[in-house]
Amino acid sequence: MIPGRFIAVVGPSGVGKDTVMEAVCARHPEIRRVRRVITRSAEAGCEDAEAVTPEEFEAQVRRGDFALHWQAHGMRYGIPASVDAELSAGRDVLANLSRAVLPELEKRFDRSMIVSITASPQVLAARLAARGRETAEEQAKRLQRADFRLAEGLNPVVIRNDGTLDEAVAAFSAALQPERA
Ligand SMILES: Nc1ncnc2c1ncn2[C@@H]1O[C@H](COP(=O)(O)OP(=O)(O)O)[C@@H](O)[C@H]1O
Ligand SMILES: O=P(O)(O)OC[C@H]1O[C@H](OP(=O)(O)OP(=O)(O)O)[C@H](O)[C@@H]1O
């Protein structure tokens, strides 16, 4: 059985990662979206993640429950190691990762793919304001991190999402095809 791919979606806050991933999963029901574990209160109106306290998160780290984990925006994020079972069954999985954790990605999974979603700084600012999930100060902090450079040697598929969502999803779907042909 060929293992599935870990498809990592990355990009600056507000670029549309969650939105694009939701649309891609709707178009490709065979791809599983990973349910992340985050020390963020569930009511923050975000993706369907498992909300835990920092203490619970640390306990899971110590138990080796995560395939990947990282800190960002004053929170901790984890990819459950249970993702290995999906991959071993030949299913592709999709998750939003920090750009900083990508070097670990390729070491941890036999087959991985990086999709880097981009948009102009003006679009990012407008989208974060429209989303209204963070305070103005938090939005400014996220915008400062917008041009974080990916590590050398990675080979991301780059998809622009400053047009319509359908255009970005079509490009994402096309990027998946060669492996799925
Ligand atoms: N192509 C698009 N056109 C217009 N609005 C978009 C587009 N993609 C995403 N959005 C909106 O931009 C905001 C940020 O999208 P989101 O998926 O939360 O970004 P991220 O997960 O990268 O932070 C949301 O309000 C979303 O509805
Ligand atoms: O290191 P970076 O590549 O800048 O990413 C920082 C964080 O932003 C994303 O999380 P989240 O989806 O909670 O934030 P977002 O919706 O604002 O992108 C991503 O999963 C990281 O945890």
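Indexing begins at 1, ligand by ligand and atom by atom, following the structure's order.
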Is the closest heavy atom of Asp18 to ligand 2 under 4.0 Å? no
I'd like to know if Arg76 and Glu58 make a salt bridge, using a cut-off of under 4.0 Å between side-chain N and carboxylate O. yes
Can you tell me the protein heavy atom closest to atom 9 (C) of ligand 2 and the distance? Asn96 OD1, 3.6 Å
Partner of Ser116 under side chain to side chain contact (heavy atoms under 4.5 Å, CB included), chosen from Ile159, Val9, Val10: Val10
Taking the side chain from Arg111 and the backbone from Pro3, do they hold a donor-acceptor pair closer than 3.5 Å? yes
Taking only Lys NZ, Arg NE, NH1 and NH2, and the carboxylate oxygens of Asp or Glu, determine whether Asp18 and Arg33 approach each other closer than 4.0 Å. yes
If you apply the rule ring pair (Phe, Tyr, Trp, His ring centres under 6.0 Å), what do you find for Phe66 with Phe57, and how did you get there? CA-CA 10 Å; Phe66 295 129; Phe57 192 98; 4.7 Å; yes
Checking a contact table here: which protein heavy atom is nearest atom 14 (C) of ligand 1, and how many Å away? Gly14 O, 3.7 Å
Closest approach of any protein heavy atom to atom 19 (O) of ligand 1, naming residue and atom: Gly16 N, 3.0 Å
Using heavy atoms and a 4.0 Å limit, tell me yes or no: is Leu97 in contact with ligand 2? yes
Residue, atom name and distance, where the atom is the protein heavy atom closest to atom 21 (C) of ligand 2: Trp70 NE1, 3.5 Å
May I ask you to list the atoms of ligand 2 that are less than 4.0 angstrom from any heavy atom of Arg145? 1 (O), 2 (P), 4 (O)
For Val15, the ligand 1 atoms with a heavy-atom partner under 4.0 Å come out as 19 (O), 22 (O)
Could you tell me, atom by atom, which parts of ligand 2 come under 4.0 Å of a heavy atom of Arg99? 1 (O), 2 (P), 3 (O), 4 (O)
I want to confirm something. Looking only at heavy atoms, which of Ser116, Gly16, Ser13, Ser98 is nearest to atom 1 (O) of ligand 2? Ser98
Contact between ligand 1 and Ala130 is defined here as a heavy atom of the residue under 4.0 Å from a ligand atom; is it met? no
Which heavy atom of the protein is the closest neighbour of atom 25 (O) of ligand 1, given with residue, atom name and distance? Arg131 CB, 3.7 Å
State, with a plain yes or no, whether a side-chain heavy atom of Ser13 is found less than 4.5 Å away from one of Leu128. yes
Any nitrogen or oxygen of Asn161, side chain or backbone, less than 3.5 Å from one on ligand 1? yes
Going by the order shown, which atoms of ligand 1 are within less than 4.0 Å of some heavy atom of Asp18? 17 (O), 21 (O)
Test salt bridge (charged side-chain N to carboxylate O under 4.0 Å, His left out), reference Glu134, set Arg127, Arg40, Arg142, Lys141, output is Arg142
Within the distance-only criterion (no hydrogens, no angle test), does the side chain of Arg36 pair as donor or acceptor with the backbone N or O of Asn96 below 3.5 angstrom? yes
Between the CD1 atom in Ile114 and the CG atom in Leu97, the distance rounded to the nearest 0.5 Å is 8.5 Å
Note: ligand 1 atoms sitting under 4.0 Å from heavy atoms of Thr164 are 1 (N)
Could you list the atoms of ligand 1 found under 4.0 angstrom from a heavy atom of Pro12? 22 (O)
Could you tell me the separation between the CG atom of Asp48 and the CZ atom of Arg35, rounded to the nearest 0.5 Å? 4.5 Å
Of all protein heavy atoms, the one nearest atom 18 (O) of ligand 2 is Lys17 NZ, 2.7 Å
Take every heavy atom of Arg40, measure it against each atom of ligand 2, and state whether any distance is under 4.0 Å. yes
Any idea which protein heavy atom is nearest atom 7 (C) of ligand 2, and the distance to it? His73 NE2, 3.4 Å
Any N/O of Lys17 closer than 3.5 Å to an N/O of ligand 1? yes
Give the contacting part of Ile117 toward ligand 1: side chain, backbone, both or neither, where contact means a heavy-atom distance below 4.0 Å. neither
Protein contact of atom 6 (C) of ligand 1 - nearest heavy atom, named by residue and atom, plus distance: Arg127 NE, 3.3 Å
Answer yes or no: is there a donor N or O on one side and an acceptor on the other, between the side chain of Asp92 and the main chain of Ile31, under 3.5 Å? no
Inspect the contact between Arg108 and Asp84 and indicate whether a charged nitrogen and a carboxylate oxygen are less than 4.0 angstrom apart. yes
Reported CG-to-CG distance for the pair Leu102 and Leu68, which is rounded to 0.5 angstrom: 9.5 Å
Identity and separation of the nearest protein heavy atom to atom 20 (O) of ligand 2: Arg36 NH1, 2.7 Å
Co-membership, hydrophobic cluster, residues Leu94 and Val169, 4.5 Å side-chain: yes
Those atoms of ligand 1 less than 4.0 Å from some heavy atom in Gly163: 1 (N), 2 (C), 3 (N)
If you scan protein heavy atoms around atom 13 (O) of ligand 2, the nearest is Tyr77 OH, 2.8 Å
Indicate the atoms forming the closest heavy-atom contact of Asn161 with Gly16, along with that distance. ND2-CA, 3.7 Å
Give me the nearest non-hydrogen protein atom to atom 16 (O) of ligand 2 as residue plus atom name, then the distance to 0.1 Å. Arg133 NH2, 2.8 Å
Identify, by atom number and element, the atoms of ligand 1 in contact range of Leu165, meaning under 4.0 Å from any of its heavy atoms. 1 (N)
Check each atom of ligand 2 against the heavy atoms of Arg142 and keep those under 4.0 Å away; list them by number with element. 14 (O), 17 (O)
If the contact criterion is a heavy-atom separation under 4.0 Å, does Arg127 count as touching ligand 2? no
Which residue and heavy atom of the protein sit nearest atom 26 (C) of ligand 1, plus the separation: Thr19 OG1, 3.5 Å
Heavy atoms of Tyr77 and Ala72 approach each other most closely as CE1-O, 3.4 Å
Ligand 1 and Val20, any nitrogen or oxygen pair closer than 3.5 angstrom? no
